[in-house]
Amino acid sequence: MIFGRSERGKPPVEPVTLKILVAGGFGVGKTTLVGAVSEIRPLRTEELLTEAGRPVDDLSGVETKNTTTVAMDFGRITLREDLVLYLFGTPGQERFWFMWDELAEGALGAVVLADTRRLEDCFAAIDYFERRSIPFLVGVNCFEGAVRYPADDIRRALDLDPDVPLLTGDARDRESVKTILIGVVQHAMAQAARRRQAVTT
Ligand SMILES: Nc1nc2c(ncn2[C@@H]2O[C@H](COP(=O)(O)OP(=O)(O)OP(=O)(O)O)[C@@H](O)[C@H]2O)c(=O)[nH]1
Ligand SMILES: [Mg+2]
């Protein structure tokens, strides 16, 4: 017997799907973050780092890293029954940045992951989203052994606008990543509401 809507009680919920980008410099933990929260097996486009790439690929701090993303990471997480995020991790190396425009198409917002040992690596990602007015927040991925700096010092070093949230977390930890992703959605929604208000007043 086929049950209609009314027999089953609650009507099925069509979830809202949102696209979120995960950006930041080389080796900051973007692929790790997508893998930590994705409820589907994440699509990865990892290639082995080669000897030839050594002069350009700065591995300081992530010496055990032996692959790099060449196109993107893709994952999905259901935040609520009616809210699903599609996560797109960008490639970190400059030579693959030509992919970013396509990946950014239709994105609600972005996480810029940062490693306090190499903060300058995320400047390009911050510039990218600022220039295109894509709402973003900065997620500081705390690697063991990295010095913990006060949030205000990091904000100053990154020259962040006061309304850009800065959250600290661990890209390997599901709950921590979820908090960061919820932060992006809230920030993007708040920004959209402010813009709407600016248009109507
Ligand atoms: N200790 C520690 N290691 C991490 C953390 N996040 C990632 N790693 C490690 O750091 C390395 C880099 O992680 P990836 O997730 O590949 O970084 P990525 O940003 O995707 O790198 P690209 O795509 O090459 O730019 C890997 O060896 C991870 O195991 C973290 O929070 N703490
Ligand atoms: Mg990667």
Side-chain angles (χ1 to χ4, degrees), residues 19-77 85-104 107 109-129 134 136-151 154 158 165-184:
K19 176 176 177 179
I20 303 290
L21 291 181
V22 181
F26 172 61
V28 77
K30 303 175 292 294
T31 301
T32 305
L33 181 150
V34 174
V37 288
S38 184
E39 60 209 9
I40 52 172
R41 196 152 62 89
L43 168 76
R44 291 191 173 146
T45 57
E46 296 293 286
E47 294 287 345
L48 282 175
L49 285 166
T50 59
E51 276 303 315
R54 251 178 219 287
V56 265
D57 302 334
D58 178 8
L59 282 172
S60 51
V62 285
E63 289 81 2
T64 55
K65 183 173 167 64
N66 53 19
T67 65
T68 188
T69 306
V70 294
M72 64 167 184
D73 305 301
F74 175 73
R76 187 190 71 200
I77 175 172
L85 302 187
Y86 286 108
L87 303 176
F88 290 75
T90 58
Q93 295 184 36
E94 276 178 48
R95 57 183 180 273
F96 300 122
W97 282 358
F98 64 92
M99 313 259 330
W100 281 40
D101 285 342
E102 229 157 292
L103 286 176
V111 182
V112 174
L113 267 186
D115 175 351
T116 52
R117 299 167 300 179
R118 305 182 290 164
L119 269 187
E120 64 284 1
D121 288 6
C122 70
F123 289 166
I126 291 178
D127 280 351
Y128 183 92
F129 297 122
I134 297 175
F136 69 94
L137 63 68
V138 174
V140 179
N141 186 18
C142 296
F143 284 80
E144 299 92 38
V147 182
R148 307 288 157 106
Y149 297 96
I154 303 176
L158 294 176
L166 182 122
L167 299 177
T168 316
D170 184 331
R172 299 163 301 177
D173 178 72
R174 188 179 158 83
E175 287 310 310
S176 172
V177 172
K178 258 174 107 170
T179 306
I180 290 176
L181 294 174
I182 292 168
V184 180

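Atoms within a ligand are numbered from 1 in the order they appear, just like the ligands themselves. Along the sequence shown, the residues carry numbers beginning at 1.
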J.: Anything under 30° is parallel, anything over 60° is perpendicular, the rest tilted; go ahead and classify Trp100 against Tyr128.
T.: perpendicular
J.: Within the 4.0 Å heavy-atom shell around Val62, which atoms of ligand 1 are there?
T.: 10 (O), 11 (C)
J.: Enumerate the atoms of ligand 1 whose separation from the nearest heavy atom of Gly92 is less than 4.0 angstrom.
T.: 25 (O)
J.: Can you pull out the closest protein heavy atom to atom 2 (C) of ligand 1? Residue, atom name and distance to 0.1 Å, please.
T.: Phe143 CD2, 3.3 Å
J.: Nearest 0.5 angstrom please: Phe88 CZ to Glu102 CD, how far?
T.: 11.0 Å
J.: Name the residue from Thr45, Thr67, Asp73 that meets the side-chain hydrogen bond (donor to acceptor under 3.5 Å, both in side chains) definition with Thr31.
T.: Asp73
J.: I'd like to check Val62 versus Arg118 (side-chain heavy atoms, cut-off strictly below 4.5 Å). Are they in contact?
T.: yes
J.: Should one rank Gln93, Met72, Arg44, Lys65 by closest heavy-atom distance to atom 22 (P) of ligand 1, which comes out on top?
T.: Lys65
J.: Could you tell me whether a side-chain N or O of Thr32 sits under 3.5 Å from a main-chain N or O of Ala171, the two making a donor and an acceptor?
T.: no
J.: Which one of Val22, Thr32, Thr69, Thr68 has a non-hydrogen atom at the shortest distance from atom 15 (O) of ligand 1?
T.: Thr32
J.: Any chance you could lay out the salt bridge (charged side-chain N to carboxylate O under 4.0 Å, His left out) test for Arg172 and Glu144, step after step, and finish with the verdict?
T.: CA-CA 12 Å; Arg172 299 163 301 177; Glu144 299 92 38; 2.6 Å; yes
J.: With heavy atoms of Asn141 as the reference, note each atom of ligand 1 found under 4.0 Å away.
T.: 5 (C), 6 (N), 30 (C), 31 (O)
J.: Can you check which of Ala146, Gly89, Gly25, Gly29 brings a heavy atom nearest to atom 17 (O) of ligand 1?
T.: Gly29
J.: Consider every N or O of Val28 and every N or O of ligand 1, then say whether any pair is closer than 3.5 Å.
T.: yes
J.: Considering non-hydrogen atoms of the protein only, which is the closest contact for atom 25 (O) of ligand 1, and what is the distance?
T.: Lys30 NZ, 2.8 Å
J.: Do any N/O atoms on Asp73 end up under 3.5 angstrom from N/O atoms on ligand 1?
T.: no
J.: Within a distance under 4.0 Å of any heavy atom of Phe26, pick out the atoms of ligand 1 and give their elements.
T.: 24 (O), 25 (O)
J.: Tell me, which protein residue and heavy-atom name are nearest atom 30 (C) of ligand 1, and how many Å apart are they?
T.: Arg172 NE, 3.4 Å
J.: How long is the gap from CD on Glu46 to OG1 on Thr68, to the nearest 0.5 Å?
T.: 6.5 Å
J.: Less than 4.5 Å apart, side chain to side chain, heavy atoms only: is that true for Leu87 and Ile77?
T.: yes
J.: The Mg ion (ligand 2) to Thr32: any N/O/S contact under 2.8 Å?
T.: no
J.: Is the distance between the Mg ion (ligand 2) and the nearest N/O/S atom of Thr67 smaller than 2.8 Å?
T.: no
J.: Are the side chains of Val138 and Leu167 in touch, meaning some heavy atoms are under 4.5 Å apart?
T.: no
J.: Of all the non-hydrogen atoms in the protein, which one sits nearest to atom 1 (N) of ligand 1, and at what distance?
T.: Glu144 OE1, 3.0 Å
J.: Just how far is it from atom CD1 of Ile180 to atom CG of Asn141, taken to the nearest 0.5 Å?
T.: 7.5 Å
